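Since the structure comes first, as structure tokens, the remarks are kept for the end.
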Amino acid sequence: MRTSTYSRLAAALLLVAVVASCRSIPEEAPPAPRTVQPGAPGTQGQVVAPQPGSVIARDRHTEADVRFMQNMIAHHAQALEMSSLAPERAHRDDIRRMAHRIEVSQAAEISLMKRWLERRGEEVPDLDAPHGAHAHHGHAELMAGMLTPEQLEELASATGPEFDRLFLQFMMYHHEGALQMVEELFSIPGAGQETEIFRFASHVDSDQRIEIGRMSRMLNADG
Amino acid sequence: MRFETTFDRCGRWGARGTGLLLLTAALFAAAEASAQSFTPGGDSDPRVGLGAGWLDAEEASWNMDLVANLPKPDGFYNEDDPADSRFVNSDLAFQDDLVFVGNYNGFNIYDVSDATNPSLRVSVVCPGGQGDLSVYGDLLFMSAQETRGRIDCGTDGTPDLPVDPERFRGVRIFDISDLDNPVQVATVQTCRGSHTHTLVTDPNDAETLYVYNSGTSVSRPAEELEGCTDVRDPNDPTTAYWSIDVIEVPLDRPEDARIIDSPRVFADEESGRIDGLFEGGDHGEGTQSTRDTNQCHDITAYPEIGLAAGACSGNGILFDITNPAVPVRVDEVIDPNFAYWHSATFNNDGTTVIFTDEWGGGSAARCLETDEPEWGANAIFTLVDGRMRLASYYKLPAPQTETENCVAHNGSLIPVPGRDIKVQAWYQGGVSVFDFTDPENPFEIAFFDRGPMSDDELMLAGHWSTYWHNGYIYGSEIARGLDVLAVTPSEDLTQNEIDAAKLVRFDEFNPQHQPKIVWPADLVVARAYLDQLVRHDGIDASRAEAVEEDLDWAEGQDDGPEKRAALAELATQLWDDARSAEADGDQENADRLRSVAGAILDVASSMN
């Protein structure tokens, strides 16, 4: 493949530079630039003096942020579990497609959340642990929109149009729960203010709202 | 002090702090050693397999050079986590020799009077993200969207929820008449904050400036900001969703800036429903899932042609802005390959518009070899009688790794006369320069790329924006600071074309307030057109040589009747050539011949 593509292309001779970085080392130090922090309109700002390596910002995150991420990982994991049932059981193509989409996007978000926690030295929930272990954490079972083991069983044993209907109903309920978790996050003083969690929670909110709307229309289309 | 800091940060991440001479020698050796054949996006594309690192990642470039890089200043990066998103570098604005670099934590102003040796002028701390900037005279506009934003630019966030009188989400206006001491003159609070904003000038009113605000995050409740409601229901006439904000700024009293309207620009004309455009979801088997249209993400205004292109989540929209206070939707498109309509750029003639799709939101790796080439790409539309028609897609041709966030992002035109060329940022996909003169056949002509931040994990970085300004390309690198790049001559872009582009100077440049490019009367413009004529086999080699000799002669002459007469004569000959080409059915080269003639006549008629 590599060779054939290569030989097929009658490329011109092109000069390519692959070089190492760090080329802008100044020869001499210019005067130190100012760092200022303006005030509210009508007031004067102040000069601040950041030290090399220091940051001018508040702490990155709160305990509530960490809890939100840990819980949302488990919440997403259940969505993956539900979606994984669709290829074998769903009757309608658009249901299979929706399930696939949820699976892809939520799997990516789980990686993002794990990264977020790891980088901050926080505990990452172990998704491979048996279900009993989840219960010990005490979060999974309490989260909004989570299906009970009985409901999961009901979904797993359904097929055809019955699966389609249940899948839509349960997934909409599950998504509503995620929206509620976001709402709760933003209602905790100081929480949800870190850039990354603000963005992530906002995305969860908008993405899942769209999917709820779509699933609701699919449910109606079913009659 | 600066030397030590820069040195330490480079050294710590592995690069060798050798002397400047040794380094230069090494660069030359590397460049020569690696000369090779490839086709952009082909298997031997040098962007594939670059070594990872923060400030010492391996680099590849083609037909462009990185001439300077200034890492982010103290207080604007976290050395323990270079991808710390509190300090993301974001969008750019330009004024004279100043580059304004937005940051989630404030902004930095750089002096680029020597573009190859930029220096930091002042750092301004004012958190709130994303720090989208525009500059207009003594005023600097800045977007803030996060709940941590404070009216006083404080860094402690806002503790009180749901209502905190100190919280700021909206458009900040600074007076920068004293550049070293920017002062806030106004804070225009908005319901959904400000993700991006766009300046819109009124050709008939120099006293008033308009700002279109695009808020994309959650709305706050009425208790915090009067007139807002956090209800997201299209049946609720008070909802802050499904609108944009129009801010009016009286230039003699900017402190009186205020929202004059939040028009329902997505409304269905017949039913009156405010959610009249795309409802969100996929478009059938194998299609992308697209966001719903309850917001614009970014709007590019082109006042000279009276139009703005709105990249509005689920739709690409064309607005008539001849009355900037009242943007009127005139056309909209959807696209089954688009996930999120993100930004737009017109060509100079206003006959083509490029929309970008920010699939994955910018923090995901969306340039994998396995990704559909039409996903996370640009869609290029032709504009005929105010209607958009899809012509093609353009995506960064070289695949990127799973640890590189990559998708179509911000860029601007490179003002080469006779061609439509755009330089565009692709996050960790780097910088891609492409020609879209023929909207159906875009192709890459230059690039610059760094290896990933890390081989092991995706760390947010890469180019947020790359824009051409007065001869150079400036890049805002999320984690690696300010880049300055220069395009170099190649088969696809001659020195004359580059020189002609460099003639175009703007005192002020806000990429989302697109200016009309006009080339000054200069023979290098004629030479650029002539090169294009040669490239497209529109002229005999001997004839081209003769024209070049005439131009050489003219450049050696003082202005005067003799030179003017000679240029007029040359232009007349070329005009006749154009007529012949037209008679032969070669309309495109006939047009090019007329462009050469026109550029020569411009010089002749500009003489005293």
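Note that the structure is predicted; figures quoted are calculated from it, not measured. Naming convention: chains lettered A, B, ... in sequence-line order (proteins, then strands); numbering from 1 in each chain.
Residue A/Arg96: no heavy atom, backbone or side chain, is found under 4.5 Å from chain B. With a 4.5 Å cut-off on non-hydrogen atoms, B/Arg167 touches chain A through its side chain but not through its backbone. For B/Val122, the parts sitting under 4.5 Å from any heavy atom of chain A are the backbone and the side chain alike. In this structure, the portion of A/Thr43 lying under 4.5 Å from any heavy atom of chain B is its backbone and not its side chain. If you measure heavy-atom distances from B/Gln288 to chain A, the contacts under 4.5 Å come from both the backbone and the side chain. With a 4.5 angstrom heavy-atom cutoff, B/Thr116 does not touch chain A via any of its atoms. With a threshold of 4.5 angstrom between heavy atoms, B/Asn105 approaches chain A through side-chain atoms but not through N, CA, C or O. Interface remark: B/Gln130 contributes no atoms to any contact with chain A (heavy atom separation under 4.5 Å). If you measure heavy-atom distances from B/Pro182 to chain A, the contacts under 4.5 Å come from both the backbone and the side chain. Proximity to chain A (any heavy atom under 4.5 Å) is shown, for B/Ile109, by neither the backbone nor the side chain. Looking at B/Phe168, there are no atoms closer than 4.5 Å to chain A (heavy atoms on both sides), in backbone or side chain.
Within a 6.0 Å radius of CD in A/Glu122, more than 12 heavy atoms belonging to other residues, nucleotides or ligands are found. The environment of A/Gln46 atom CD is dense: over 12 non-hydrogen atoms of other residues, nucleotides or ligands sit within 6.0 angstrom. Shown here is A/Gln169, whose CD atom has more than 12 heavy atoms of other residues, nucleotides or ligands within 6.0 Å.
Per-residue counts of heavy-atom pairs under 4.5 Å with chain B were compared for A/Gln44, A/Arg209, A/His203; the largest is that of A/Arg209.
The distance from the OG1 atom of A/Thr195 to the CZ atom of B/Phe87 is 8.5 Å, given to the nearest 0.5 Å. A distance of 10.0 Å separates CD1 in A/Ile197 from OG in B/Ser85, rounded to the nearest 0.5 Å. Rounded to the nearest 0.5 Å, atoms CG (A/Leu185) and OG1 (B/Thr147) are 8.5 Å apart.
Considering all non-hydrogen atoms of both residues, B/Glu146 and A/Phe198 come closest at CG-CD2, 3.7 Å. The heavy-atom pair separating B/Leu458 from A/Arg115 by the smallest distance is O-NE, 3.4 Å. Nearest heavy-atom pair, B/Arg148 versus A/Gln193, reported as atom, atom and distance to 0.1 Å: CA-OE1, 3.2 Å. When every heavy atom of B/Tyr104 is checked against every heavy atom of A/Arg199, the shortest pair comes out as OH-NH1, 3.9 Å.
No donor-acceptor distance shorter than 3.5 angstrom exists from the side chain of A/Gln37 to the backbone of B/Val124, with no hydrogens or angles considered.
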For the pair B/Glu279 and A/Arg217, evaluate side-chain contact (heavy atoms from CB on, under 4.5 Å) and give the outcome as yes or no after the intermediate values.
-> CA-CA 11 Å; B/Glu279 62 188 4; A/Arg217 290 192 296 275; 3.1 Å; yes

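Put simply, the residue from B/Gln184, B/Glu255, B/Arg172 that forms a side chain to side chain contact (heavy atoms under 4.5 Å, CB included) with A/Pro41 is B/Gln184.
Electrostatic pairing of B/Glu285 and A/Arg97 counts as a salt bridge here, judged by a charged N lying under 4.0 Å from a carboxylate O. A salt bridge links B/Arg232 with A/Asp205: the closest approach of a Lys/Arg side-chain nitrogen to an acidic carboxylate oxygen falls below 4.0 angstrom. For the pair A/Arg119 and B/Glu457, the salt-bridge criterion is met [side-chain N within less than 4.0 Å of a carboxylate O]. Taking a cutoff of 4.0 Å between a charged side-chain nitrogen and a carboxylate oxygen, A/Arg214 and B/Asp282 qualify as a salt bridge.
Using a 4.5 Å heavy-atom cutoff, the side chains of B/Arg291 and A/Ser206 are in contact. No side-chain heavy atom of A/Val36 sits under 4.5 Å from any side-chain heavy atom of B/Asp180.
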